[in-house]
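Before any comments, here is the structure.
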Protein chains: 2
Amino acid sequence: MTSARPQATHHARILEDLRRRILDGRWAPGHQLDKEIDLAEAHGVSRMTMNKVLTQLAQEGYLVRRRRGGTFVAQPRAQSAVMEINDIGAEVAALGLTHDWTLLRREITRLGAAERALLDMPADAGTGDVLFLQGLHSAQGAPFCLETRAINLAAVPAARDMAFDATPPGTWLTQTKPWTAARNTLRAIGVEGAEARHLGLPVGAACLLILRKTRSEPDWVTCVRLVYPGEAHQLVAEFEPGRAS
Amino acid sequence: MTSARPQATHHARILEDLRRRILDGRWAPGHQLDKEIDLAEAHGVSRMTMNKVLTQLAQEGYLVRRRRGGTFVAQPRAQSAVMEINDIGAEVAALGLTHDWTLLRREITRLGAAERALLDMPADAGTGDVLFLQGLHSAQGAPFCLETRAINLAAVPAARDMAFDATPPGTWLTQTKPWTAARNTLRAIGVEGAEARHLGLPVGAACLLILRKTRSEPDWVTCVRLVYPGEAHQLVAEFEPGRAS
DNA sequence: GCGGCCGATTTGTCTATTCATATTCCTGCG
DNA sequence: CGCAGGAATATGAATAGACAAATCGGCCGC
């Protein structure tokens with residue numbers, strides 16, 4: 001099976017093995033693992049070695065461990081990590097405001113040149129079907145963020161059956177699909193055309209643009225373009241290295 | 001000595017002890033530590049326990065370890081970590097452009113209400129002397145970023161003697177003072193007044209505003225306001241959880 | 001004097017075992 | 001029936017010992 005790794009220590013091999021099982025969904029969030037001793041025996045190592053692996057995965061946020069309780073797969077990282085504005089509903093709620101989501105557009109298609117340009121995607125991976133979405137987040141009735149998103153249906157087939165007319169896709173995705181890497185691009189723009197109209201802003205008003213591309217191992221999961229009315233919104237990223245939990 | 005920590009495991013105490021020595025400069029970058037065995041004995045623990053501590057610190061980027069070579073304090077984290085645009089000179093160089101720094105203002109003072117508002121500092125820590133700086137970064141001759149910065153002289157006394165007329169303060173600081181926590185705030189603004197003039201932009205042009213506050217354990221180190229001409233610049237933050245080195 | 005090899009040293013990894021601690025579960029008493 | 005308390009159990013922490021891997025240095029032969 002997972003041969004093809006000639007030079008690797010026991011705990012490195014087991015670490016990758018377990019991480020993969022979590023990421024590809026074989027072990028769903030909430031799944032309870034066997035106890036240290038049994039896992040150790042199953043992998044042919046001592047409990048100390050297995051403990052090192054499990055401790056590491058817990059530190060990375062993949063597992064939650066409780067004494068006597070056992071070891072569980074953690075819920076997908078919501079905003080545990082570092083730089084996350086995945087769930088705009090939660091973001092608005094944290095400010096103590098009411099949140100609304102209005103779906104403006106939904107279609108299943110292949111990406112054309114215009115959409116690729118808008119989402120800053122190169123000719124890169126993926127010519128298959130995508131779910132293309134656009135919608136408006138409102139806070140306390142006022143436009144808060146315009147979201148334009150492509151979801152790779154090859155990576156997240158379940159998205160095909162979601163309407164996203166009541167739940168924003170970001171909320172659903174963070175609860176559904178774990179990711180392994182993300183790339184955020186930030187820029188200031190003067191809004192134009194339809195985007196200005198949706199946000200109720202004059203053309204040329206300063207807006208914060210976030211382009212995010214999320215990956216899960218082999219393919220990309222989703223690309224999203226978020227436009228925030230400039231002065232009204234700010235984005236805070238707190239960062240403390242090496243202090244995972 | 002370091003009592004005052006009633007409930008703590010051995011490796012947690014030692015971990016904090018060593019981290020402190022690195023952060024407050026008692027162990028300078030490049031300093032060679034004693035070998036595991038000796039450190040273990042000095043702290044009254046076994047080698048396995050000390051190994052756990054040193055391995056952890058190496059993973060956090062504080063130490064560099066080489067077999068047979070020994071264990072060394074790492075050079076201060078430049079942009080090893082996650083979300084770093086500390087050194088604008090390096091940023092510009094990475095784009096293959098020439099970089100220039102023009103100092104516009106330099107004074108040692110106490111922060112007034114206007115400066116606090118500009119840098120988004122609350123009545124928060126620090127009524128002592130600060131070094132207040134303003135300057136312009138240029139790339140290939142064109143304005144690239146307007147920097148306004150306060151440096152806490154209580155935390156970085158050496159900054160008092162630096163002119164910063166040739167080297168930007170960000171470059172110097174990242175090579176001098178390690179930090180433990182940072183907070184970035186991002187916003188889009190329409191530039192006004194003097195800032196527009198310095199950047200050579202019309203009033204109201206969209207710009208990316210970054211406010212960063214850096215801490216090192218007890219006090220704040222520096223607060224900086226960076227204004228980037230909007231369309232011309234974008235900020236990319238790549239993020240991969242749990243993959244430290 | 002120079003280059004290659006070999007041994008000593010230091011970290012890396014793993015094991016077997018012991019004790020500690022936090023929960024859960026179950027039993028028994030009111 | 002419900003709650004208190006104790007036993008069982010899974011993880012957490014630490015130890016001593018052993019071997020592997022990397023590499024620094026010095027020794028030896030040429």
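These values consider heavy atoms only, across backbone and side chains, with no hydrogens, waters or symmetry-generated copies. Order of the sequence lines sets the chain letters (A, B, ...), proteins ahead of strands, with each chain counted from 1.
Taking atom CZ of A:R13 as the reference point, atom P of C:dT13 lies 13 Å away to the nearest angstrom. Here the P atom of nucleotide D:dT11 and the CD atom of A:Q56 are 17 Å apart, to the nearest Å. The distance from atom CZ of B:F72 to atom C1' of C:dT11 is 12 Å, rounded to the nearest whole Å. Distance CZ (A:R68) to C1' (C:dT24): 4 Å, rounded to an integer number of Å. Distance, B:R67 CZ to C:dA8 P: 19 Å, rounded to whole Å. When the P atom of D:dT15 is taken as reference, atom NE2 of B:H11 falls 11 Å away, rounded to whole Å. Taking atom CG on A:N51 and atom C1' on C:dA16, their separation rounds to 14 Å, with Å as the unit.
B:R160 places none of its side-chain heavy atoms less than 4.5 Å from the side chain of B:L131.
When the side-chain nitrogen and oxygen atoms of B:T71 are compared with OP1 and OP2 of C:dT11, one or more of them lie within a distance under 4.0 Å. Between B:R65 and C:dG12 there is a side-chain polar atom (N or O) within less than 4.0 angstrom of OP1 or OP2.
Ion pairing between a basic and an acidic side chain is recognised when a charged N comes within 4.0 Å of a carboxylate O; A:R47 and A:E41 show no such pairing. With salt bridges taken as basic N to acidic carboxylate O contacts below 4.0 Å, one links B:D17 and B:R21. A salt bridge links A:E36 with A:R65: the closest approach of a Lys/Arg side-chain nitrogen to an acidic carboxylate oxygen falls below 4.0 angstrom.
A donor-acceptor pair is defined here as one N or O able to donate and one able to accept, closer than 3.5 Å; no such pair exists between the side chain of B:H31 and the backbone of B:W27. Side-chain N or O atoms of A:W101 include one that pairs as donor or acceptor with a backbone N or O of A:F164 at under 3.5 Å.
Taken residue by residue, residues 32-50 of chain B places heavy atoms nearer than 4.0 Å to DNA chain C at B:K35, B:E36, B:R47, B:M48.
Using a 4.0 Å heavy-atom cutoff across all strands shown, B:T55 reaches no nucleic acid atom at all.
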